[in-house]
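Comments concern the structure below.
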Amino acid sequence: MMNLFFNTVHTMIKKRSLADEVAVRLQQQITSGVFKVGDKLPIELQLMKSFGVGRSSVREAIKILANRGLLSVQQGVGTFVESQVALSEPLGQRLKRADIKDLDEVRKLLELKIAEKAAENYTAKHIEKMKAYLAARNRAAQSGDLAGAIKADIHFHITIAEASGNEILLDLYKAAATHVEAWFLQIYNDTLPFIQSQQLHEQLLKYIKKQDAKAAWNTATAIIDHV
C-alpha cells in the first residue's frame with residue numbers, strides 16, 4: 001500500500017492553495033481506491049515529504065477531508081479512511097478535482113440543452129449580447145488573440161445558458177466553463193479552430209433567434225462534433 005501511494009503521488013504540489021491542493025490529491029487517492037475504507041494514512045512527515053508541503057498544509061487538508069466525511073482522525077492512533085464518497089461537497093470543489101475531459105463532456109451535453117431552451121425563451125437583450133460576443137470572438141480569432149477568442153466564445157455560450165431561462169442549467173454551465181477556459185488555453189495552439197467554427201456559431205445564433213429549437217440543438221451538435 002505504501003509503495004503504491006508514493007508511486008502515484010510523486011509530483012510535488014505547486015504553490016497555490018496548498019491545503020486545498022493536498023486535499024484534492026488525497027481525495028483522488030481515496031476515490032480511486034488507492035486508500036480503501038479502514039486504511040490508515042501515512043504519518044504527517046511522510047505526507048509532507050510526498051506532497052512537498054509543510055505540516056500546517058497537511059493538517060488543514062486532512063481537516064477538509066474529515067469535514068467531508070472521507071477521513072476520521074483518531075487522536076494518538078492516526079487518520080483513517082472513513083468513506084470513499086464525500087457526504088456533502090460543494091459543486092465548485094467537486095469540479096475542481098474533476099478530470100478535465102469528463103468536465104468538458106458535461107459542458108458539451110449542457111450546450112445542447114441550453115441551445116434548445118434558449119430558442120424557446122430568449123429575450124432581445126440576450127440576442128444583442130450573443131451578437132456582441134460573437135463579433136468579439138471573430139475579431140480575436142482573426143487577429144490571433146487566442147485568450148480573447150476563448151473568453152468571447154465562453155461568454156457567448158454562457159449568454160445562451162442565460163437565455164435558456166433555467167437557472168440550474170446556467171449555474172451548471174458557468175461552473176463548468178470556469179474550469180474549461182484554462183484547459184482551452186492549454187490544448188489550443190492558435191485561433192484557427194475558432195475561425196473555422198465561426199460560421200457554425202453564427203448559424204446557432206440565427207436558429208435561436210428564429211425560435212427553431214430543433215435546428216439550434218442540431219447546430220450545437222455540429223459545433224461539438226467540429227471541436
| said: If only side-chain N and O atoms count, and only distance matters, is there a donor-acceptor pair under 3.5 Å linking Tyr122 with Gln211? | reply: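 Looking only at side-chain atoms, Tyr122 and Gln211 do not form any donor-acceptor pair under 3.5 Å.
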| Excluding sequence neighbours, so at least two apart, what forms salt bridge (charged side-chain N to carboxylate O under 4.0 Å, His left out) with Glu60? |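 Glu60 satisfies salt bridge (charged side-chain N to carboxylate O under 4.0 Å, His left out) with no residue once adjacent residues are dropped.
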Rounded to the nearest 0.5 Å, what separation is found between the [atom1] atom of [X] and the [atom2] atom of [Y]?
| X | Y | atom1 | atom2 | result |
| --- | --- | --- | --- | --- |
| Arg68 | Ile30 | CZ | CD1 | 10.0 Å |
| Ser57 | Asp20 | OG | CG | 9.5 Å |
| Leu26 | Ile64 | CG | CD1 | 10.0 Å |
| Ser72 | Leu65 | OG | CG | 12.5 Å |
| Glu202 | Ser197 | CD | OG | 10.0 Å |
| Ser164 | Ile114 | OG | CD1 | 6.5 Å |

| said: Taking salt bridge (charged side-chain N to carboxylate O under 4.0 Å, His left out) as the cut-off, I'd like each qualifying pair that reaches into residues 206-217, sequence neighbours left out, listed once. | reply: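 Residue pairs with at least one partner in residues 206-217: there are none.
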Taking [X] for the side chain and [Y] for the main chain, is one N or O donor matched with an acceptor at less than 3.5 Å?
| X | Y | result |
| --- | --- | --- |
| Thr219 | Leu204 | no |
| Gln46 | Ile43 | yes |
| Asp171 | Ile168 | no |
| Lys108 | Ala220 | no |
| His179 | Ala176 | no |
| Gln29 | Phe35 | no |
| Thr31 | Gln27 | yes |

| Evaluation steps, side-chain contact (heavy atoms from CB on, under 4.5 Å), between Ile160 and Leu205 | CA-CA 9 Å; Ile160 296 176; Leu205 174 56; over 6 Å; no
| message | Please evaluate residues Glu162 and Thr159 with respect to the criterion side-chain contact (heavy atoms from CB on, under 4.5 Å), reporting the C-alpha separation (whole Å), side-chain torsions for both, the decisive distance (0.1 Å), and the verdict. | response | CA-CA 5 Å; Glu162 291 175 354; Thr159 304; 4.2 Å; yes
| Gln199 atom CD, over 12 foreign heavy atoms within 6.0 Å |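 No, because the 6.0 Å sphere around CD of Gln199 holds 12 heavy atoms or fewer from other groups.
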| task | Check the surroundings of atom CD in Glu105: do more than 12 heavy atoms from other residues, nucleotides or ligands lie under 6.0 Å from it? | result |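 Open: at most 12 neighbouring heavy atoms sit under 6.0 Å from CD of Glu105.
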| Do Glu82 and Val37 come within less than 4.5 Å of each other through their side chains, counting heavy atoms only? |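 No, side chains not in contact.
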Salt-bridge test for [X] and [Y]: reply yes if a basic N is under 4.0 Å from a carboxylate O, no otherwise.
| X | Y | answer |
| --- | --- | --- |
| Lys101 | Asp104 | no |
| Lys117 | Glu120 | yes |
| Glu128 | Lys125 | no |

| query | Under the ring pair (Phe, Tyr, Trp, His ring centres under 6.0 Å) test, which residues partner Phe194, sequence neighbours left out? | reply |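 Tyr188.
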| task | Using the rule that two of Ile, Leu, Val, Met, Phe, Trp, Tyr join whenever any of their side-chain heavy atoms come within less than 4.5 Å, decide whether Tyr207 and Leu110 are in one cluster. | result |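 No, Tyr207 and Leu110 fall in different hydrophobic clusters.
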| request: Answer yes if Ile195 and Tyr133 sit in the same cluster of Ile, Leu, Val, Met, Phe, Trp and Tyr residues linked by side chain heavy atoms under 4.5 Å apart, and no otherwise. | output: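 Different hydrophobic clusters.
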Between side-chain atoms of residues 150-158 and protein atoms elsewhere (two or more places apart, or another chain), which donor-acceptor pairs fall under 3.5 Å?
{"unit_1": "Lys151", "atom_1": "NZ", "unit_2": "Glu181", "atom_2": "OE2", "d": "3.0"}
{"unit_1": "Asp153", "atom_1": "OD1", "unit_2": "Arg137", "atom_2": "NE", "d": "2.9"}
{"unit_1": "Asp153", "atom_1": "OD1", "unit_2": "Arg137", "atom_2": "NH2", "d": "3.3"}
{"unit_1": "Asp153", "atom_1": "OD1", "unit_2": "His201", "atom_2": "NE2", "d": "3.2"}
{"unit_1": "His157", "atom_1": "NE2", "unit_2": "His201", "atom_2": "NE2", "d": "3.2"}

Nearest atoms (heavy-atom pairs only) where [X] meets [Y]:
| X | Y | value |
| --- | --- | --- |
| Asp39 | Val34 | OD2-O, 4.2 Å |
| Ala163 | Met130 | CB-CE, 3.8 Å |
| Ile208 | Ala216 | CG1-CB, 4.2 Å |
| Val77 | Lys40 | O-NZ, 2.8 Å |
| Asp190 | Leu192 | OD1-N, 3.0 Å |

| query | Per the side chain to side chain contact (heavy atoms under 4.5 Å, CB included) rule, which among Val22, Leu70, Thr79, Asn67 passes with Ile62? | reply |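 Only one of Val22, Leu70, Thr79, Asn67 forms a side chain to side chain contact (heavy atoms under 4.5 Å, CB included) with Ile62, namely Thr79.
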| task | Can you run down the ring pair (Phe, Tyr, Trp, His ring centres under 6.0 Å) pairs that involve residues 55-80, sequence neighbours left out, and say none if there aren't any? | result |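 Listed once each, the pairs would be none.
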Under 3.5 Å donor-acceptor pairs involving side-chain atoms of residues 142-149, not counting sequence neighbours:
{"unit_1": "Ser143", "atom_1": "OG", "unit_2": "Arg139", "atom_2": "O", "d": "3.0"}
{"unit_1": "Ser143", "atom_1": "OG", "unit_2": "Ala140", "atom_2": "O", "d": "3.1"}
{"unit_1": "Asp145", "atom_1": "OD1", "unit_2": "Gly148", "atom_2": "N", "d": "3.0"}

